[in-house]
Amino acid sequence: MNDHYELYCLADPLFYDVLDGRRGDRPDFPLASREVPEGWTHQATDTWMHYAPAGGTMPSQGWKIHVSARPEDAERAMETVWDYCVPRGIAFKFLRSPSVMTMMSSKAAPRGSSGKLVTIYPADEDLLELALKELDVLLRGVEGPYVLSDLRYGEGPLFVRYGGFLARDCLNGSGELVPAIEDGEGRLVPDVRGPAFSVPPWVTLPAFLEPHLAARNAVTTTGLPYAIESVMHFSNGGGVYLGRDTRTGRQVVLKEARPYAGLDAARRDAVARLAHEREMLERLAGLDAVPELIDYFTLGGHHFLVQEFVDGNPLQRLLVQRYPLSRASGDRRALDDYTAWVVADVLPKVRQAVASLHGRGVVFGDLHPSNVLVTAEGRVVLIDYEVATLATSGERAALAHPAFTAPPDRRGTEVDVYALACLCLGMFAPQLTIMLPLGRSKVVQLADLITETFPVPPELIGEAVRTVLGAEAVTAPEIPRPDRDGWPRVRDALVRAVLASATPERDDRLFPGDPAQFEAGGGLCFAYGAAGVLYALDAAGAGRFPEHEEWLRRRVSASGRRMRPGFYDGLHGVAHVLDRFGHRQDALDLVEASLRGAWDDLELGLFGGLAGIGLNLLHLARTTGESALEETALRIAAACSDRLGGPGDVPEISGGDNPRAGLMYGSSGPALLFLHAYERTGEAALLDRAATALRQDLRRCTTTEDGSLQVDQGWRTLPYLAEGSAGVGLVLARYLAHRDDEAFAAALDACRRVTRARYFVQPGMFAGRSGIIAALHGGMGPAPEDPGAGAGGLLHGLAWHALPYAGGLAFPGDQLLRLSMDFATGTAGVLFAMSTALHERPVFLPFVQPPGGAGAAATEPPARETAERPLTPTSH
């Protein structure tokens, strides 16, 4: 589970929110309320408290100092740094609260940056050396986790790394904006913050740090009786490695624990949990469901547990491979076979494994499909005992999967019984029990959906529901459905929830949404902020809300200069919405502000890059009559053409270290811009470039077992709107309206097959079911072999995620941990997607309406071009 989301769960039980001492019951460190020193500036963010001398000239980059600390040493460390830095005029920052500190050092936290409690910004290397020497003495006795991205200074809590002091961005190899520093020639390059210390090639390590680097490199695995063969998993608490006992040749698993890292809710570190796991494995020795304990040792301060290697697949992987509703080809026989496997094989064996632990007086405490291994011979083994407890203690695990975590009233073996019930439901509704804290009655609706979809014994599901509810008596509220209650009633329920969530008294956001809304301007933008929500309400026929429009106008006027220029993440999306609502001058002012920056700093995509800006400029050129906007848009199209490359100039895998494919972040965005530019100018070369861009994205797609075409990430395939084949299909359909191409037509048919799947883990627009609905009805069209298959099933399937809120209907955002009202991940996106299928007037995503439809150019080019004219690149 991404700690980025868990951090934003701490402040509110229903919505992602910032934890700033004013929300929730998790106050800031006392130091955060200390009066700002005279002559200093202060800035607070959701995680950090920044302090710097007013009018100072801090370098843009250099060697920075990080201070780490365990929880009991945190306040001493921060106060020591404050008292040291303020008199000397050295800028610094510290984490604002104990809760933020715990999350930033949790098991799921980013390994490279975890452990940093305080950051200090010395102005030069002389001051760096002096500060390290003096703080090393002042902080003696303070202990903390090793900051993996840094070089440790001595044996204390001080670490150093060369990196950026000021916030600057550049594009990385995958086309994303990332923190940047200048290289030796003054060019901005990524400020790499990985889990290993390195010095940029153009930087020389200060001589006084060389002995510390030598000490770091002196720790090796030479001399151990185990050879590491591969990495199985990394977490912030340590790695899990596949190894071999060099004495016997036997394969083994080595689990590593880093001191003071990987904190859980009880602030126990990974070492404490690994030592506890050793005790549990000793107590459970000899059980078939438990891996054998082989050894335990320490190396370089890290602890290692060696256990039996179980040659099996995680149940989670088997579920993904076999789950029939996620495939276009999932027929009745597939449902029967899957149900029989779960009911007759999986669940009985897992129950038996858990019961064997209970027989030894142990509560497993962390039962979920990734902690269950199934061998080819059918042996079921439970792994990861670091939070197991004794049944008689009444203790509860301080670290567990949120989809299987029992409510506070369950103790002892009841914790595992609850998790078994969630496993039973989760095998048919994968990951959806994670929503139960948002409304315990949801389990009743999930049970109904499971029994109407799968041939599962109702008594099995009924028992699981009774276990989940315990003594709690709930009545599942009736949730409106479009197939039963009609579109107007469903729309009203969605709108009621969205409007009830509004917080116009706040400056940072109007509607709760994804945590991304707390980045600069995110509470305003189209994807995660007010602009997208208001757009969806209007497009769905719910009307205009002038007081909310005024909030958006007022806030973008006050903070828009800090926003990115892009369409979905920045100023152009807000301008698009304001123009739609008649605030034309506001829109033009935002566009003018957005065009003052350098285009070279932007990637090419639709979400936040040149394609989205160019498309919006073409749109505004039509609505405003401003010819200069069209001229700028065409220059942007030429710039995209220059930077695009050829069909083979992208790797075959999307994401990771590679550029991403798809509508929002891949080459389909520029393809859409080229198509709109072609529709305005008739230049055939633009159509050629659109074809090239589409071939780049199709190069990064693969045909899955069910015959659907999906974006290939190497370890998984994606059908979704933003980074999947549904988005690619939308642009393919538009291209084929202008030029015949057999290969593209076949690819479009394969993309359309994703609309026949019946289950998606998330409901949202960008990475869930709603985006599939919007693509199906907004331009891509249904699979040719079954034109009616997608529509009803996709809409009905929204019930898997629907939740009551404020007398209306709401949906969870990404990760499903909290409700969201935004366009990209939440309820507004669901509302918009449903309107594409059910509204009386055509509704399309921005820029994907069919050529000649609403929003297209007044004069269309010929349907099939005959002339070949070169595209002339022009500089900006």
Side-chain angles (χ1 to χ4, degrees), residues 1-2 5 313-330 334-343 345-347 350 366-374 380 400-405 418-438 442-456 460-461 464-465 467-468 704-706 708 710 713 715-720 724 754 756-764 767-772 793-794 796-803 811-817 825:
M1 186 59 59
N2 189 333
Y5 284 87
N313 275 311
L315 181 57
Q316 178 64 31
R317 184 182 303 163
L318 297 176
L319 187 161
V320 171
Q321 292 172 352
R322 303 182 66 151
Y323 191 69
L325 298 187
S326 60
R327 297 191 292 274
S329 57
L335 293 174
D336 291 343
D337 292 345
Y338 179 81
T339 302
W341 173 65
V342 172
V343 173
D345 189 21
V346 172
L347 293 178
V350 176
D366 195 17
L367 178 67
H368 57 84
S370 294
N371 276 353
V372 179
L373 296 182
V374 182
V380 167
H401 193 297
F404 299 84
T405 302
Y418 179 93
L420 283 167
C422 289
L423 181 68
C424 175
L425 298 169
M427 293 299 294
F428 299 102
Q431 300 189 38
L432 296 196
T433 56
I434 203 171
M435 298 188 298
L436 296 185
L438 302 177
K442 180 64 181 177
V443 71
V444 178
Q445 189 195 19
L446 287 179
D448 291 341
L449 289 166
I450 290 169
T451 53
E452 76 179 40
T453 306
F454 292 90
V456 59
L460 178 70
I461 301 301
V465 170
T467 299
V468 167
T704 62
E705 291 183 3
D706 63 7
S708 66
Q710 299 189 28
Q713 287 196 321
W715 62 284
R716 64 175 179 176
T717 59
L718 297 179
Y720 302 117
V754 303
R756 299 184 63 197
R758 297 167 61 187
Y759 190 85
F760 300 90
V761 171
Q762 298 184 147
R769 180 184 294 269
S770 291
I772 305 296
L794 283 171
H796 176 68
L798 286 168
W800 288 104
H801 295 92
L803 288 159
F811 287 82
D814 283 1
Q815 305 287 325
L816 309 181
L817 292 164
T825 74

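Minimum interatomic distance between Ile772 and Tyr720 (heavy atoms only, all atoms of both residues): CD1-CA, 4.1 Å. The two residues Tyr323 and Met427 make their nearest non-hydrogen contact at CE1-O, 3.7 Å. Here the shortest heavy-atom pairing between Leu817 and Leu438 reads O-CD2, 3.6 Å. Contact record, Ala447 with Val465: CB-CG2, 3.5 Å, taken as the closest heavy-atom pair. Here the closest non-hydrogen pair linking Arg327 and Gln321 is NH1-O, 3.0 Å. Taking every heavy atom of both residues into account, Gln431 and Ala403 meet most closely at O-CB, 4.4 Å.
Remark: the backbone N or O of Pro437 is not paired with any side-chain donor or acceptor of Lys442 at under 3.5 angstrom. Judged by distance alone, the side chain of Ser770 and the main-chain N or O of Pro763 form a donor-acceptor pair under 3.5 Å. In terms of modelled atom types and a separation under 3.5 Å, the side chain of Arg769 and the main chain of Leu794 share a donor-acceptor contact. No donor-acceptor pair closer than 3.5 Å links the side chain of Asp366 to the backbone N or O of Asn371. Within the 3.5 Å criterion, the main-chain N or O of Val761 finds a donor-acceptor partner in the side chain of His801. Checking side-chain atoms of Thr467 against main-chain N and O of Tyr418 turns up no donor-acceptor pair under 3.5 Å. Side chain of Tyr338 to backbone of Phe428: no donor-acceptor contact under 3.5 angstrom is found. Looking only at distances, a side-chain donor or acceptor of Gln762 sits under 3.5 Å from a matching main-chain atom of Gln815.
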What do the steps show when you test Leu460 against Leu347 for side chain to side chain contact (heavy atoms under 4.5 Å, CB included), and what is the final call? CA-CA 10 Å; Leu460 178 70; Leu347 293 178; 4.1 Å; yes

Let's go through Leu367 and Val350 carefully: what are the C-alpha distance in whole Å and the side-chain angles of both, what is the deciding distance for side chain to side chain contact (heavy atoms under 4.5 Å, CB included) to 0.1 Å, and is it a yes or a no? CA-CA 10 Å; Leu367 178 67; Val350 176; 4.1 Å; yes

Worked check of side chain to side chain contact (heavy atoms under 4.5 Å, CB included) between Leu432 and Tyr759: CA-CA 11 Å; Leu432 296 196; Tyr759 190 85; 3.1 Å; yes

Steps toward side chain to side chain contact (heavy atoms under 4.5 Å, CB included) verdict (Leu425, Val468): CA-CA 10 Å; Leu425 298 169; Val468 167; 4.2 Å; yes

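From His368, atom NE2 reaches atom OG1 of Thr433 across 11.5 Å, with rounding to the nearest 0.5 Å. The line from NE2 of His796 to CD of Glu452 is 4.5 Å long, rounded to the nearest 0.5 Å. Between the CG atom of Leu446 and the SG atom of Cys422 there is a distance of 10.0 Å, given to the nearest 0.5 Å. Once rounded to the nearest 0.5 Å, the distance linking CZ of Phe404 with CG of Leu423 reads 5.5 Å. Summarising the geometry, atom OG1 belonging to Thr825 is positioned 12.5 Å from atom CZ belonging to Phe811; distances are rounded to the nearest 0.5 Å.
Contact of the Trp800 side chain with the Thr453 side chain is registered, since non-hydrogen atoms from C-beta on lie closer than 4.5 Å. Contact annotation: the side chain of Ser370 never approaches that of Leu315 to less than 4.5 Å [non-hydrogen atoms, C-beta and beyond]. The closest side-chain heavy-atom distance from Leu318 to Trp341 is below 4.5 Å.
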